[in-house]
Protein chains: 2
Amino acid sequence: MVVVERKSKEERLTAVLDAALVEFGTKGYHGGSTEEIARQAGISQPYVFRLFGTKRDLFEALVNRCFSETLEMFERAADGLRGREALDAIGAAYMEQLLTDELRLRAQMQAYSACDDPEICAAVRRGYGELVSFAERVSGVEPAEISSFFAKGMLLNVIASMGLTPTDMAAGGVAAEPWAIRLLEGCRPPS
Amino acid sequence: MVVVERKSKEERLTAVLDAALVEFGTKGYHGGSTEEIARQAGISQPYVFRLFGTKRDLFEALVNRCFSETLEMFERAADGLRGREALDAIGAAYMEQLLTDELRLRAQMQAYSACDDPEICAAVRRGYGELVSFAERVSGVEPAEISSFFAKGMLLNVIASMGLTPTDMAAGGVAAEPWAIRLLEGCRPPS
DNA sequence: CTACTTTGTGATTCATCACTTACCTCCAAG
DNA sequence: CTTGGAGGTAAGTGATGAATCACAAAGTAG
């Protein structure tokens with residue numbers, strides 16, 4: 001038997017969720033394998049099931065964590081601000097994720113794409129609804145502005161999925177597609 | 001042997017692509033099965049491979065068809081128009097898809113989500129780039145406006161994925177989430 | 001009629017994967 | 001010191017799914 005490093009359940013839970021973010025974020029719900037998640041988390045595959053029950057429950061837990069972390073990020077970014085300024089601050093923070101947290105943007109796309117599963121869809125709607133409600137509440141602007149705000153967010157998600165972020169292009173050693181650069185430039189708030 | 005209804009290769013190709021749109025559009029690249037696609041297309045599973053080579057080639061063919069149909073839709077909508085008017089017309093046509101062609105919006109999301117595969121990613125970028133270039137060329141507006149235009153499109157894709165279109169809500173017999181209604185309202189061009 | 005091409009299938013292979021069962025090993029409380 | 005629970009695994013199981021192979025039947029040209 002391999003040497004066992006005993007850790008607390010909590011530590012394992014977050015380790016598995018961290019690994020799941022990578023695996024599901026890149027390959028999606030159906031494409032990601034629990035075996036790979038277990039390996040990346042440093043535990044055996046059966047233990048993943050002991051901790052989370054089913055693959056779906058694990059994915060759902062990941063979705064919930066992602067949305068709640070994003071909501072916290074919104075709150076931090078908007079702290080002390082109201083109205084349009086709050087919205088701009090959140091938008092800037094979201095754009096930063098393109099550079100720092102691209103995987104989370106991709107994972108969100110995977111969550112939307114996994115919405116053929118009713119339970120996952122319910123979790124996604126709940127999370128998204130909380131983000132929208134928060135943005136509405138903290139900014140107080142009219143629907144059209146809220147829509148553009150979230151629309152830009154979704155465009156950033158898509159750009160991250162296509163691997164067109166500055167980080168990706170630099171890593172690939174490839175010159176970014178010019179149209180993609182213009183799209184990204186156009187997302188910047190008018191300053 | 002079951003009675004064989006011989007059809008032309010072309011007919012089978014489009015039948016398979018139609019079935020693939022449904023299967024991949026709802027379950028995604030990894031989640032969709034070639035067996036199910038074959039069944040929906042009314043042929044045997046091996047023949048799918050005879051026609052398309054591999055599952056990936058089939059998915060790629062679907063992506064290409066989707067993007068080129070969308071480009072045609074852009075061209076039709078913008079016919080005879082220039083500048084902002086052209087963009088508004090395309091936007092209106094795109095919004096209509098929420099009601100008439102929701103599956104195609106979902107399929108686009110699945111295409112973005114399948115971008116961990118380099119070949120699929122290349123096809124997606126090519127298709128997306130053509131849409132952006134066309135919109136830029138026909139409208140001639142500045143980057144910020146192009147970005148908002150595509151951003152709104154992506155938001156509609158996400159809303160379709162989450163099953164929050166008017167059609168879905170009516171079909172489910174459920175009242176739509178209020179925040180989702182506001183988001184959709186906010187997408188309408190200011191008229 | 002014969003030979004060849006096109007359209008098609010049944011049966012199978014081989015890998016992967018979600019999930020289970022049965023077990024092991026620490027460690028702390030009585 | 002022993003017992004019981006919490007943290008963990010090795011070894012399977014059954015299903016599914018992509019891809020292959022060998023073969024069949026329907027047209028078609030000579």
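Proteins get letters first, then strands, A, B, ... in listed order; numbering begins at 1 in each. Being a predicted model, the structure only gives us computed values, none of them experimental.
Scored by the salt bridge (Lys or Arg N to Asp or Glu O under 4.0 Å) test, A/K27 finds A/E23 as partners (sequence neighbours excluded). Partners of B/E60 according to the side chain to side chain donor-acceptor pair (under 3.5 Å) rule, which considers only residues two or more places apart in sequence or in another chain, do not exist here. Residues satisfying the ring-ring contact (aromatic ring centres under 6.0 Å, His included) criterion with A/Y29, sequence neighbours excluded, are A/F59. Here A/A93 pairs with A/M73, A/A77 under the side-chain contact (heavy atoms from CB on, under 4.5 Å) rule; sequence neighbours left out. With sequence neighbours excluded, no residue forms a salt bridge (Lys or Arg N to Asp or Glu O under 4.0 Å) with B/R50. For the salt bridge (Lys or Arg N to Asp or Glu O under 4.0 Å) test, residues two or more places apart in sequence or in another chain that qualify with B/R65 are B/D18, B/E69. Under the rule for a salt bridge (Lys or Arg N to Asp or Glu O under 4.0 Å), the partners of B/D117 that lie at least two apart in sequence or sit in another chain are B/R56.
For the OP1/OP2 pair of D/dG8 and a distance below 4.0 Å, the side-chain nitrogens and oxygens of A/R12 include at least one atom meeting the criterion. Taking side-chain N and O atoms only, A/Y47 has no distance below 4.0 Å to OP1 or OP2 of D/dT9.
The base of C/dC19 lies close enough to the side chain of A/Q45 for a donor and an acceptor atom to sit less than 3.5 Å apart.
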List, with names and distances, any nitrogen or oxygen atoms from the protein found under 3.5 Å away from nitrogen or oxygen atoms belonging to nucleotides 4-6 of chain D.
unit_1: D/dA6; atom_1: N3; unit_2: A/R6; atom_2: NH2; d: 3.4

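Within the structure, the salt bridge (Lys or Arg N to Asp or Glu O under 4.0 Å) test picks out the following pairs touching residues 80-100 of chain A (sequence neighbours left out): A/R84-A/E145. Applying the salt bridge (Lys or Arg N to Asp or Glu O under 4.0 Å) test to residues at least two apart or on different chains, the pairs with a partner in residues 121-141 of chain A are A/E136-B/R182.
Scanning residues 109-121 of chain B for heavy-atom distances under 4.0 Å to DNA chain C yields an empty list. Residues from residues 32-44 of chain A lying near DNA chain C, meaning a heavy-atom separation below 4.0 Å, are A/G32, A/S33, A/T34 in numerical order.
D/dA18 atom P lies 13 Å from atom CZ of B/F59, rounded to whole Å.
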